[in-house]
Protein chains: 2
Amino acid sequence: MITRMKELRAIRKLTQADLAKRVNVRRETIVFLEKGEYNPSLKLAAKIAKQLESRIEDVFIFDEEELIE
Amino acid sequence: MITRMKELRAIRKLTQADLAKRVNVRRETIVFLEKGEYNPSLKLAAKIAKQLESRIEDVFIFDEEELIE
DNA sequence: TTATAATGTTATATATTTATAACATAAAGT
DNA sequence: ACTTTATGTTATAAATATATAACATTATAA
């Protein structure tokens, strides 16, 4: 999974800390997500997409093959 | 969060076991998800949506307020 | 250049998802 | 009624997301 969080966050001029606060997680969590180091819960993904004024699938992008087998 | 999994699964004529196998989880996991008892990982949500030929947000529906604090 | 803000790192603890297994009930077919 | 298939339940274990805290590095502004 790759993510456009960092890019979208920059566009909205939000710092990691800003975003973390808005979606109610720790800033470290945002760091890990931006590094693709983990797979957020759907709810967190939805909150983040909302703050980035985007759709979930435009923020978190899966390769076709990741979703098969 | 409410989910339309059960309904969409019925339309595609998939049993819980079928769907579980396709997305590589246990059937019990599907049961819990259909009951809304937990918040899947984004990746699992994406796999399920794919098998149900739907978009994530049409399968798992959040109330506005759930995404705000 | 120095201060401050922003980002990144690491280690450990806690919470929640998912797996596993065993059994129970319901529905559907014969 | 019996058999099979689908769904639901419960308890426990394992895996992984997230919290927490402390510190390191990089960028930016004064």
Side-chain angles (χ1 to χ4, degrees):
Chain A
M1 185 209 68
I2 66 171
T3 177
R4 289 180 62 226
M5 279 178 67
K6 192 167 184 167
E7 175 189 351
L8 294 166
R9 183 169 60 71
I11 293 172
R12 309 293 168 198
K13 301 204 196 310
L14 295 172
T15 66
Q16 291 177 340
D18 290 334
L19 180 58
K21 190 168 192 186
R22 290 188 185 205
V23 301
N24 233 41
V25 296
R26 289 226 129 206
R27 186 180 55 80
E28 294 89 329
T29 298
I30 302 296
V31 173
F32 289 135
L33 287 170
E34 290 191 355
K35 289 203 296 174
E37 281 190 21
Y38 49 61
N39 179 26
S41 69
L42 176 60
K43 185 171 178 182
L44 177 53
K47 284 175 162 184
I48 290 171
K50 184 183 191 74
Q51 292 301 326
L52 298 179
E53 300 169 75
S54 306
R55 340 179 96 252
I56 292 177
E57 44 271 81
D58 294 329
V59 180
F60 302 96
I61 299 160
F62 289 96
D63 227 27
E64 265 316 291
E65 58 180 13
E66 288 182 85
L67 302 182
I68 309 179
E69 90 233 77
Chain B
M1 186 209 69
I2 67 169
T3 176
R4 289 180 61 225
M5 279 179 67
K6 193 167 184 166
E7 175 190 351
L8 293 166
R9 183 169 60 72
I11 293 173
R12 309 292 169 199
K13 300 202 197 312
L14 295 172
T15 66
Q16 290 178 340
D18 290 335
L19 180 58
K21 190 168 191 185
R22 291 188 185 206
V23 302
N24 232 43
V25 295
R26 289 226 128 207
R27 186 180 55 82
E28 294 90 329
T29 298
I30 302 296
V31 173
F32 289 135
L33 287 170
E34 290 191 354
K35 288 203 296 175
E37 282 192 19
Y38 49 62
N39 179 27
S41 68
L42 175 61
K43 185 172 179 182
L44 178 53
K47 284 175 161 183
I48 290 172
K50 182 183 191 73
Q51 292 302 325
L52 298 179
E53 300 169 74
S54 306
R55 337 179 98 256
I56 293 177
E57 45 270 83
D58 294 329
V59 181
F60 302 96
I61 299 159
F62 290 96
D63 228 28
E64 265 316 291
E65 58 179 11
E66 289 182 83
L67 303 182
I68 310 179
E69 341 279 301

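So that the names make sense, note that chain A is the first sequence line, chain B the second, and so on, each numbered from 1. Scope of the values below: all heavy atoms of this structure, side chains included, with no hydrogens, waters or symmetry mates.
Among the atoms of the strands shown, base atoms are found under 4.0 Å from some heavy atom of A:Val31. Using a 4.0 Å heavy-atom cutoff across all strands shown, B:Lys6 reaches sugar-phosphate atoms only and no base atom. As judged by a 4.0 angstrom heavy-atom cut-off over every strand, B:Asp18 is placed among residues making no nucleic acid contact.
Between the C1' atom of C:dA5 and the CD1 atom of A:Ile30 lies a distance of 17 Å, rounded to the nearest Å. Atom pair B:Tyr38:OH and D:dA15:C1' shows a separation of 12 Å (rounding to whole Å applied). Taking atom CD1 of A:Ile48 as the reference point, atom C1' of D:dA17 lies 12 Å away to the nearest angstrom. We find that NZ of A:Lys13 is positioned 16 Å from C1' of C:dA5, with the value rounded to whole Å. In this entry the distance linking NZ of B:Lys43 with P of D:dA15 reads 16 Å, nearest Å. Between B:Lys21 atom NZ and C:dT18 atom C1' there is a gap of 19 Å when expressed in whole angstrom units. The nearest whole Å value for the distance from the NZ atom in A:Lys47 to the P atom in D:dA17 is 17 Å. Rounded to an integer number of Å, the gap from A:Leu44 CG to C:dT16 P is 13 Å.
Between A:Met5 atom CE and A:Gln16 atom CD the span is 8.0 Å, to the nearest 0.5 Å. Atom CG of A:Leu8 is separated from atom CD1 of A:Ile48 by 11.0 Å, given to the nearest 0.5 angstrom. Within the model, atoms CG of A:Asp58 and OG1 of A:Thr3 stand 11.0 Å from one another, a figure rounded to the nearest 0.5 Å.
The A:Leu33 side chain lies nearest to D:dT18 when the options are C:dT10, D:dT18, C:dT18. Comparing C:dT18, C:dA21, D:dT7 by their nearest atom to the side chain of B:Arg27 picks out D:dT7. Listed candidates were D:dT9, C:dA19, C:dT9. Nearest to the side chain of B:Lys35 is D:dT9. For A:Glu34, the side-chain atoms get nearest to C:dG8 when compared with the rest of C:dG8, D:dT7, C:dA21. Residue B:Arg9 has its side chain nearest to D:dT7 when only C:dA21, C:dT18, D:dT7 are considered. Side-chain proximity of B:Ser41 to the nucleotides C:dT10, C:dT7, C:dT18 is greatest for C:dT18.
A close approach under 4.0 Å does not occur between any side-chain nitrogen or oxygen of A:Arg26 and OP1 or OP2 of D:dT18.
Closest approach of A:Tyr38 and A:Met1 over heavy atoms only: O-CE, 4.3 Å.
Along DNA chain D, the nucleotide nearest to B:Asn39 and the one nearest to B:Gln16 differ in position, and the one closer to the 5' end is contacted by B:Gln16.
Between the base of C:dA19 and the side chain of B:Glu28 there is no donor-acceptor pair shorter than 3.5 Å.
Between the side chain of B:Arg27 and the backbone N or O of B:Ala17, no donor-acceptor pair lies under 3.5 Å.
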